[in-house]
Colleague: 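This is the structure I have questions about; it appears just below.
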Number of protein chains: 2
Amino acid sequence: MAKTNPPFMSGVPELLLLRLLESREMYGYELVRSIREVTGEAISLGEGVIYPVLHSLERSGSLKARRKPVGGRTRVYYSLTKQGHGRLADLQEDWRRIQTGIETALESPGHA
Amino acid sequence: MAKTNPPFMSGVPELLLLRLLESREMYGYELVRSIREVTGEAISLGEGVIYPVLHSLERSGSLKARRKPVGGRTRVYYSLTKQGHGRLADLQEDWRRIQTGIETALESPGHA
DNA sequence: CGAATATACCTTGAACTAATAGGTATAACA
DNA sequence: TGTTATACCTATTAGTTCAAGGTATATTCG
């Protein structure tokens, strides 16, 4: 019954997407490649991760979508809503917190 | 059939345990509290997470266990094997890599 | 022209990790 | 004596991510 908390280190895909969309609007396929690039190949998230997260962020009101025909295809451009900016700030703080926690643990005394 | 890769940000509980056990041998119940402390309360992993990971690390040869009766109870002390030191180094490098990747993404141009 | 590759969207099902909740037993404390 | 703290453990559930596919148009190349 008691609903479980999300895993303590989730929300990174969400964070990365929101961060990228903060600078400019982008479409899904573009974001997939962009995440690889901007993380220096350290993180590679497939379309199967990106699209569902985008949809969920749109449903929850953090993103708004704009369909734009290009050539014969249709791109769906996403951009941050006001709520999305808030969500980004929250996630960024969460990340900072756990990142610092781990860093502290790794650097703590005892490195023989 | 193709076995899936582990999620890109897993292995942090493992990393923290190995790091703590690098300095001195500790027992499970102690590790649970220790992780909270050493991460400045940022990360809190319950016994249901810690014990299974300890067992799996022992089975895979990264940890060795030593049962030690204290008072009327029995504590199981864990310490790193040679292989465990290698595993720790690997995980530490993995972490550094993704941590840097995310940092790069967050700091990348466009912070209005 | 035809075939292969790249773009661009999407969903489903399996796999994996972590969270919650329980379950046993002794010691200490009130 | 009963409640809290120590100390171990496991099973179930939940949540996230991964792999793999499925549709369709555009481009490139032989």
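Throughout, protein chains are lettered first and strands after them, A, B, ... in sequence-line order, and every chain is numbered starting at 1. The analysis underlying the following values was restricted to heavy atoms, covering all of them including side chains, and did not include hydrogens, waters or symmetry mates.
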Colleague: For the pair made of CZ in R75(B) and P in dA5(D), what is the distance, rounded to whole Å?
Modeller: 17 Å

Colleague: If the threshold is 4.0 Å, N to carboxylate O, is there a salt bridge linking E41(B) and R97(A)?
Modeller: no

Colleague: Which part of the nucleic acid, if any, lies within reach of V70(A) when heavy atoms closer than 4.0 Å are counted: base, sugar-phosphate only, or nothing?
Modeller: nothing

Colleague: Rounding to an integer number of Å, can you tell me how far Y77(A) OH sits from dA8(C) P?
Modeller: 8 Å

Colleague: Rounded to the nearest Å, what distance is computed from the NZ atom of residue K68(A) to the C1' atom of nucleotide dC9(C)?
Modeller: 17 Å

Colleague: Between E14(A) and R87(A), does any NZ, NE, NH1 or NH2 come within less than 4.0 Å of an OD or OE carboxylate oxygen?
Modeller: yes

Colleague: Please answer whether the main-chain N or O of E25(B) pairs with a side-chain N or O of S79(B) as donor and acceptor at a distance below 3.5 Å.
Modeller: no

Colleague: Roughly how many Å is it from OH in Y27(B) to C1' in dC9(D), rounded to a whole number?
Modeller: 16 Å

Colleague: Within less than 4.0 Å of OP1 or OP2 of dT20(C), is there a side-chain N or O belonging to N5(A)?
Modeller: yes

Colleague: Take R33(B) and G48(B), find for each the nucleotide of DNA chain D with the closest heavy atom, and name the residue whose nucleotide sits nearer the 5' end.
Modeller: R33(B)

Colleague: Does H55(A) have a side-chain nitrogen or oxygen under 4.0 Å from the phosphate oxygens OP1 or OP2 of dT11(C)?
Modeller: yes

Colleague: Report yes if a side-chain nitrogen or oxygen of Y51(A) is closer than 4.0 Å to either non-bridging phosphate oxygen (OP1 or OP2) of dT11(C); otherwise report no.
Modeller: no

Colleague: T74(B) or P13(A): which one's nearest nucleotide on DNA chain D is closer to the 5' end?
Modeller: T74(B)

Colleague: Given dG15(D), is OP1 or OP2 found less than 4.0 Å from the side-chain N or O atoms of T4(A)?
Modeller: yes

Colleague: Got a donor-acceptor contact below 3.5 angstrom from the E107(B) side chain to the T104(B) backbone?
Modeller: no

Colleague: Does dT6(D) have OP1 or OP2 sitting under 4.0 Å from an N or O in the side chain of Y29(B)?
Modeller: yes

Colleague: Separation of R73(A) atom CZ from dT27(D) atom P, in whole Å?
Modeller: 7 Å

Colleague: Say whether, by atom type as modelled, one donor and one acceptor occur between the side chain of S56(B) and the main chain of P52(B) under 3.5 angstrom.
Modeller: no

Colleague: Find the distance L17(B):CG to dT17(C):P and express it as a whole number of Å.
Modeller: 14 Å

Colleague: How many Å lie between CG on L54(B) and P on dC9(D), as a whole number?
Modeller: 8 Å

